[in-house]
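Single-structure report; data block below.
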Amino acid sequence: MNAPLRRVALAVMVMVLMLLANGTYIQVIKADTYRNDPRNSRVLLEEYSRQRGQISAAGGQLMATVENTTGRLKYLRKYTEGPVYAPITGYYSSNYGATGLEKAQDSVLNGSDPLLFGRRLSDLITGRDPRGGSVQTTIVPKVQQFAYKAMSDKKFSGAVVAMDPKTGRILAMVSTPSFDPNVLSAHDTEAQQKAWGELTKDPKKPSMNRAVGETYPPGSTFKMVTAAAALENGFTKDSPLTAAPTITLPGTNNQLENFNGNRCGGGETAPLIEALARSCNTAFVDLAIQLGETKLRQQAEKFGIGEQGQKIPIGVAGSSLGDIPDKAALGQSGIGQRDVRLTPLQDAVVAATIANGGVRMEPQLVSQILRDVTVLQENDPVRSGTAISSATAATLKEMMIQSESRTAGGGKISGVTIASKTGTAEHGANPKANNPHAWYAAFAPAEDPKIAVAVIVENGGDRGQDATGGTVAAPIGRGVIGAFLGGG
């Protein structure tokens, strides 16, 4: 073969190799990128050619369904009582993707999950239009609706989480302010863009799920954890703690005081049970320092504080004690301040664990995966471990009943014994310039707990520095309990 032919053959060979390499790069390496590119209308049309599965509440009430259309996108996602359930369902949008259960359970809802292989095969053989599976949640509509109305009627920013202490099933998960996912699921691109712009620019962040996606200083509700650590390490409900109205943080000149600068009872010391009932800061600073960082942190971890990557199946932000570099920081951490941060879900888990005799259950939002009416998967309760002994749980319950008896605010339920702890949490770089967050964590009936609840009202509902967990959050928490038990 002469030189010109060899050069032509070599050039052809190089071009074939380049073509093969380019094909491999596009079809293998870049396949997902091109598939997920929002400009790829073929993928979008394919997704909307399948009937997406439903999302329902515990009793079967629909939260998300679909309607047939005559447009290029064959099905339209619709949300029943959109803002009420938005923190749970999230949204499914042709332009902005998905959030909430729409994202977490997408493979089930779009029909590609391995659980639905038999259905896909049957559809292929029979020629039926492919359909996704359905997701049934643990949410109880009357509890969810009550909690949402109680928060939104007062225009509160915050969250409510209610759980079954014995199973971990989430009975309600509310975040306010909320938004209507129907606008984002609409096939009107202009309307979607307008709604998206309003959501992303709104300083109140209505699209955020505050129940699981935001962490806050828990304030005095964290005293449940500090008291648990004490009881697990040799203290009793009668162990004496300082009753002083103020305490100087070790190694500093900074003083920390009780609410309104009051003494913790009438003596020089106060028993632990009274210190919790009165929510005495000085006593719990003293207690945390006596315990030490290791014991406090170990107890917090047993309640699940510090875990990362939790999914219910929606992703949950990690709660944390933060750094505790010295005794001053330890004292502040013992009252739920400094760098302690909990999600409302985590605070509900702490209350639920105490209610369940010290056994921590994994929070669950999904109860069943279905194909039409056939149950493909049922999620059984999952035990995460023992956070405290049954004896400690019983003592904490007694202490929290005393706390509830001293807690102000309306909504108390006749004939129902509630065990609770309130919190009034300072926050921000200049806490005195901000209204404190108002917390309420509780369970009931105390003798046989059926529901545990955590409520946070950001900035105390802007009711001033004197707003407390008792006056602002407790009436909502009690109302949620009443709605579940049939008293509201």
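We find that Glu214 and Arg210 are not joined by a salt bridge, their nearest charged nitrogen and carboxylate oxygen being 4.0 Å or further apart. Using a 4.0 Å cut-off between charged side-chain N and carboxylate O, Arg52 and Glu102 make a salt bridge. For the pair Asp448 and Lys450, the salt-bridge criterion is met [side-chain N within less than 4.0 Å of a carboxylate O]. Between Glu404 and Arg478 a salt bridge is recorded (basic side-chain N to carboxylate O distance below 4.0 Å).
Under the side-chain contact (heavy atoms from CB on, under 4.5 Å) test applied with Leu231, the options Ile388, Leu272, Thr226 reduce to a single match, Leu272.
Using a distance-only test at 3.5 Å, with no hydrogens or angles considered, no donor-acceptor pair links the side chain of Gln136 to the main chain of Leu370.
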With side chain to side chain contact (heavy atoms under 4.5 Å, CB included) as the test, would you mind laying out the steps for Ile139 and Leu365 before giving the verdict?
CA-CA 7 Å; Ile139 296 297; Leu365 184 59; 3.8 Å; yes
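Side chain to side chain, Ser279 and Lys421 meet the donor-acceptor criterion of an N or O pair below 3.5 Å. Counting only N and O atoms by type, the side chains of Gln192 and Asn95 include a donor and acceptor under 3.5 Å apart. No hydrogens or angles considered: nothing links the side chains of Thr236 and Asp238 as a donor-acceptor pair under 3.5 Å. Defined by atom type and a distance below 3.5 Å, a donor-acceptor pair is missing between the side-chain atoms of Thr242 and Asp286.
Residues Val340 and Pro218 form a side-chain contact, since some pair of their non-hydrogen atoms from C-beta on lies under 4.5 Å apart.
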